[in-house]
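Below, chains carry the letters A, B, ... as their sequence lines are ordered, and counting in each starts from 1.
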Protein chains: 2
Amino acid sequence: MAGTRVTLPDVAARAGVSLGSASRALHGTGASPAMVERVRAAAAELGYQPDATGRSLRMRKTFQIAFAVADIGNPVYVEMMTAIQSVVAERGYRLVVASTGGSPQSTAELVAGLAAGLVDGLILSPLRTSPELGQQLTSSGMPVVVIGRTGESTLDTVTTDSAGGIGQAVDHLLALGHRRIAFLNGPLDTTPGEARQRGFDAAAPAMAAVGAQAVECRVAADFTVAAGLEAARALLDEHPGRIDALVAANDLLAVGAIKAAVERGLSVPGDLAVTGMDDTELAGVFQPSLTSVSLRSSERGRAAATLLLERLADPGRAATTVTVAPTLISRESSSTLTDEEVAR
Amino acid sequence: MAGTRVTLPDVAARAGVSLGSASRALHGTGASPAMVERVRAAAAELGYQPDATGRSLRMRKTFQIAFAVADIGNPVYVEMMTAIQSVVAERGYRLVVASTGGSPQSTAELVAGLAAGLVDGLILSPLRTSPELGQQLTSSGMPVVVIGRTGESTLDTVTTDSAGGIGQAVDHLLALGHRRIAFLNGPLDTTPGEARQRGFDAAAPAMAAVGAQAVECRVAADFTVAAGLEAARALLDEHPGRIDALVAANDLLAVGAIKAAVERGLSVPGDLAVTGMDDTELAGVFQPSLTSVSLRSSERGRAAATLLLERLADPGRAATTVTVAPTLISRESSSTLTDEEVAR
DNA sequence: CTGAAAGCGCTAACAA
DNA sequence: TTGTTAGCGCTTTCAG
């Protein structure tokens with residue numbers, strides 16, 4: 001049973017039919033019921049498993065699609081991946097997860113490699129983009145869906161208004177009465193970093209209207225808890241008692257910031273309100289639970305997968321952009337309740 | 001540039017050499033420097049990318065390996081995956097992530113599918129096993145490394161002493177003076193659930209020796225935060241004030257338990273000490289940070305990947321088992337410090 | 001509806 | 001060292 005692979009000729013021989021008939025009986029169309037029955041039986045008897053490689057070579061199709069991200073440790077991507085996986089699996093595709101590294105060049109290399117007949121299509125969520133990358137993606141001829149932005153309008157894209165999401169967070173904090181607001185962002189040369197900065201800057205009029213001030217915009221080295229912790233420490237130490245609310249560019253930074261606040265004896269939300277973004281599972285679970293702007297990662301993953309399947313089915317169709325609206329989910333980290341009330 | 005794939009014959013023609021020479025010049029051995037140079041140049045000129053499918057079919061090798069897990073949402077698996085990825089990538093392999101579903105049957109189906117020439121090997125971390133699965137794995141003839149246990153000693157295996165790890169957690173709590181200890185486990189019909197239950201049961205003598213009692217062993221529906229929250233609520237409500245420490249079978253359950261405790265106005269660790277297992281990033285980051293037994297997920301992933309690569313290189317070698325020792329990492333959730341001290 | 005045969009892109013065995 | 005050729009396992013024409 002082990003080792004010796006059973007091939008289609010074996011099955012055909014066993015069933016006493018030709019190779020072509022065996023193939024048609026198993027996958028193709030135009031075989032008589034009797035033939036199908038016979039071949040099926042022979043295949044089952046021999047424990048035949050069609051060889052994916054032979055099939056791929058002949059059909060010029062691998063039934064694999066790739067999901068390429070910079071940082072698979074980020075729960076956002078895990079969420080997207082789960083969503084993508086379930087959509088594509090339904091249509092008989094397998095998912096290959098690839099790691100891009102942060103830079104556009106390494107992403108470009110990855111795409112080139114993938115284009116080598118390894119996958120039928122690609123869902124890409126790059127942290128940093130460049131015009132060249134967009135170029136390469138379009139010219140590679142491989143079906144691609146970008147989650148985020150490339151500036152290349154010829155590509156299928158799933159976007160979300162993360163800038164507007166930051167605006168929602170600011171509005172929320174202003175409505176709760178906070179007036180001295182800091183912004184904790186990730187690297188500005190990333191797509192999300194740039195967009196979220198834009199969102200915070202755009203909130204200036206709303207803040208001015210109620211006499212609130214933006215105390216500082218701080219940039220963490222990365223969109224991670226560790227980077228958020230470090231940056232928030234510095235931020236809080238430089239403005240002791242002068243910040244009453246902090247908008248973080250994602251949940252991981254927010255968690256780092258809360259940790260920094262607690263280290264300094266500040267209570268959250270009592271002394272400092274904090275909001276995150278992405279509404280990862282962590283947000284609902286953290287202590288205190290984290291107010292976060294949902295960017296609907298699952299939905300974006302699902303949309304990207306659907307878009308890719310559609311393009312695979314019809315390569316000539318026009319590029320489509322799906323936009324998903326952000327929603328603020330209010331939780332304890334920005335409530336004005338006391339800790340005891342919150343505990344209830 | 002797009003669409004029309006350039007193939008090896010194209011390169012050979014451009015370089016004015018034969019197909020075979022072109023192949024050898026690019027990958028194989030035994031080509032003159034001049035030949036290599038010429039072919040390289042032609043390939044670069046045409047933007048040649050070797051086709052993975054043709055190569056795989058001919059070489060009977062895909063350079064892909066699969067990592068199959070039940071629940072990719074669990075940070076433990078993400079950690080393993082990252083480790084595996086970095087090891088195998090170094091040797092030119094790509095990683096395919098597959099989702100098994102919880103049951104042995106669905107795992108079996110997955111393995112059968114994967115065996116169809118899709119991957120060269122498999123790293124499997126099943127939640128539930130059955131003798132049949134072990135059988136199938138050995139007889140499939142595909143190189144497999146199991147992270148966990150199958151009972152099949154003919155398979156390469158990476159294990160850890162999670163039972164002993166639970167013992168460490170109990171000892172730790174006893175040393176801190178806790179005497180009424182509850183155990184929050186995941187499903188008992190899973191490999192980790194069974195092992196961790198065994199570990200807690202085995203700690204009975206140590207507990208008896210200092211006059212401590214096991215208040216209850218509770219089984220959550222799943223190894224998730226949500227299931228932990230629900231189970232811990234019931235547990236705490238049924239034994240009000242009668243539990244001073246809780247051993248959770250993993251970090252997710254522990255986080256759920258802490259949330260349940262806080263809901264009930266209990267302070268952690270003041271009123272209830274909690275320990276987790278797996279030492280995920282969450283443990284260090286959570287508020288309060290979580291004492292956890294590290295099972296060295298990265299190391300296990302790395303070991304599994306290394307084992308698999310070795311087997312790929314030498315299919316005939318004897319099955320090896322690598323065992324990784326657990327270590328308790330003490331943090332705030334089990335400290336005896338007050339919250340204020342902890343904040344420092 | 002079935003059988004025969006071609007060939008997807010590549011590597012490796014065999015000749016020269 | 002190089003060219004020629006067979007063939008990996010499969011699907012899909014093309015005849016019959």
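Mapping B:G30 and A:Y48 onto DNA chain D by nearest heavy atom places B:G30 at the nucleotide closer to the 5' end. For the pair B:S18 and A:R58, nearest-nucleotide mapping onto DNA chain D gives the more 5' position to B:S18.
Among the atoms of the strands shown, only primed sugar atoms or phosphate atoms (P, OP1, OP2) are found under 4.0 Å from some heavy atom of B:T7. As judged by a 4.0 angstrom heavy-atom cut-off over every strand, B:S23 is placed among the base-contacting residues.
Formation of a donor-acceptor pair under 3.5 Å by the B:R38 side chain with backbone atoms of B:A15 is found in this model.
Checking the phosphate oxygens (OP1, OP2) of C:dG9, no side-chain nitrogen or oxygen of B:R55 falls inside 4.0 Å. Contact annotation: B:S21 side-chain N/O to D:dT1 OP1/OP2 distance is not under 4.0 Å.
Side-chain polar atoms of B:T53 and A:S56 form no donor-acceptor pair below 3.5 angstrom.
By the 4.5 Å heavy-atom criterion applied to side chains, B:T138 and B:L155 are counted as neighbours.
Residue B:M59 has its side chain nearest to C:dA12 when only C:dA12, D:dC14, D:dG3 are considered.
Distance, A:L19 CG to D:dG9 C1': 9 Å, rounded to whole Å.
Donor-acceptor pairing under 3.5 Å, judged by distance alone, is absent between the side chain of B:R60 and the base of D:dG9.
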